[in-house]
Amino acid sequence: QVQLVESGGGLVQPGGSLRLSCVVSGTIFRLNAMGWYRQAPGRQRELVARITSDFITNYVDSVKGRFTISRDNAKNTVYLQMNSLKPEDTAVYYCNAHWINAYWGQGTQVTVSS
């Protein structure tokens, strides 16, 4: 059974930083493409950042230069370093693993507010 467990969300002031983590079990982690998605109230879930099994990354334009996705295959973990956070980054952030099938974590809330 594949499980994804996110952590690291919270309340941060504008301009601050957070690092999200997602630990994956039940699959061959290194073969999965990993992604971070987010969903704000009243909006559709959107892809924020993705990293392939070959460590190729891509980002939505609104976070380029501020967010960095990385993975540690030895720890079965994917990270999202978020810097220079803005109020519009407020959302529930979800981890996604994709290899043959797609799996989701339960989500972690990120709130950017003064």
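The residues of the chain are indexed from 1 along the displayed sequence. Only heavy atoms go into these numbers, but all of them, side chains included; no hydrogens, no water, no symmetry mates.
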Enquirer: What is the ring orientation for Y37 with W104, classed by angle as parallel under 30°, tilted 30 to 60°, or perpendicular over 60°?
Expert: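 Perpendicular: the ring planes of Y37 and W104 meet at over 60°.
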Enquirer: Is there a donor-acceptor pair under 3.5 Å between the side chain of R66 and the backbone N or O of S84?
Expert: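 The answer is yes, because a donor-acceptor pair under 3.5 Å joins these two groups.
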Enquirer: Which heavy atom of Y94 sits nearest to which heavy atom of G107, and what is that distance?
Expert: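 Heavy-atom minimum between the residues: CD2-CA, 3.6 Å.
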Enquirer: Does the E6 side chain pair with the main chain of Q106, one donor and one acceptor, at a distance under 3.5 Å?
Expert: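 Side chain of E6 to backbone of Q106: a pair is present.
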Enquirer: Would you check if M82 and V112 make a side-chain contact, meaning some heavy-atom pair closer than 4.5 Å?
Expert: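 No; the side chains remain at least 4.5 Å from each other.
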Enquirer: Tell me the closest heavy-atom pair linking A40 and A91, and the distance in Å.
Expert: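 Looking at all heavy atoms of both residues, the closest pair is N-CB, 3.8 Å.
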Enquirer: Of all heavy-atom pairs between R38 and E46, which one has the smallest distance, and what is that distance?
Expert: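 The pair with the smallest heavy-atom distance is NE-OE2, 2.7 Å.
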Enquirer: Given the rule that I, L, V, M, F, W and Y join up when any side-chain heavy atoms are under 4.5 Å apart, are I100 and L4 in one cluster?
Expert: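 No: no chain of side-chain contacts under 4.5 Å links I100 to L4.
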Enquirer: Would you check if S113 and L11 make a side-chain contact, meaning some heavy-atom pair closer than 4.5 Å?
Expert: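 Yes, side chains in contact.
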Enquirer: If you round to the nearest 0.5 Å, how far is CD1 of I69 from CD of Q81?
Expert: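 It is 12.0 Å, given to the nearest 0.5 Å.
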Enquirer: If you look at every heavy atom in F29 and D72, which pair is closest and at what distance?
Expert: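 Smallest interatomic distance, heavy atoms only, reads CE2-O, 3.9 Å.
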Enquirer: Please find the pair of heavy atoms, one from Y59 and one from F67, that lie closest to each other, and give the distance.
Expert: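 That closest heavy-atom pairing would be CE2-O, 3.3 Å.
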Enquirer: Should V63 and V92 be counted in the same cluster of Ile, Leu, Val, Met, Phe, Trp and Tyr side chains packed under 4.5 Å apart?
Expert: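 Result: no, two separate clusters.
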Enquirer: Counting only heavy atoms not in Q44, do more than 12 sit closer than 6.0 Å to its CD atom?
Expert: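 Counting neighbours around CD of Q44, 12 or fewer heavy atoms of other residues, nucleotides or ligands fall under 6.0 Å, so no.
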Enquirer: To the nearest 0.5 Å, what is the distance between CG on N76 and CD1 on I28?
Expert: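 N76 CG to I28 CD1: 10.5 Å, rounded to 0.5 Å.
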Enquirer: Decide whether V48 and V12 are clustered together by the hydrophobic rule: side chain heavy atoms of Ile, Leu, Val, Met, Phe, Trp, Tyr closer than 4.5 Å, transitively.
Expert: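 Yes, it is one cluster - the side chains of V48 and V12 are joined through contacts under 4.5 Å.
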Enquirer: Report yes if some heavy atom in the side chain of T27 is under 4.5 Å from a heavy atom in the side chain of Y103; otherwise report no.
Expert: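 No. Closest side-chain heavy atoms not under 4.5 Å.
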Enquirer: Which value, rounded to the nearest 0.5 Å, describes the distance between I56 atom CD1 and R50 atom CZ?
Expert: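 Going from CD1 on I56 over to CZ on R50, the span is 9.5 Å.
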Enquirer: Verify side-chain contact (heavy atoms from CB on, under 4.5 Å) between V24 and N32, making sure each step is shown before the conclusion.
Expert: CA-CA 10 Å; V24 182; N32 280 265; 5.8 Å; no
Enquirer: Test of understanding: clusters of I, L, V, M, F, W, Y form through side-chain heavy atoms closer than 4.5 Å, transitively. Do Y93 and V5 belong to the same one?
Expert: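 Each belongs to a different hydrophobic cluster.
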Enquirer: Check G26 against V2 and note the closest heavy-atom contact, atom names and distance.
Expert: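 Smallest interatomic distance, heavy atoms only, reads O-CG2, 3.5 Å.
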Enquirer: Atom OG1 in T111, atom CG in D89: separation rounded to 0.5 Å?
Expert: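 The CG atom of D89 is 11.0 Å from OG1 of T111, to the nearest 0.5 Å.
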Enquirer: Honestly curious: do I51 and Y79 fall in one hydrophobic cluster under the side-chain, below-4.5 Å linking rule?
Expert: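 Different clusters: I51 never reaches Y79 through Ile, Leu, Val, Met, Phe, Trp or Tyr contacts under 4.5 Å.
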Enquirer: So, taking the atom named CG in L20 and the one named OG1 in T77, what distance separates them when rounded to the nearest 0.5 Å?
Expert: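 So the CG of L20 and the OG1 of T77 are separated by 12.5 Å.
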Enquirer: Just verifying a value: how many Å separate H98 NE2 and T52 OG1, rounded to the nearest 0.5 Å?
Expert: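 Going from NE2 on H98 over to OG1 on T52, the span is 13.0 Å.
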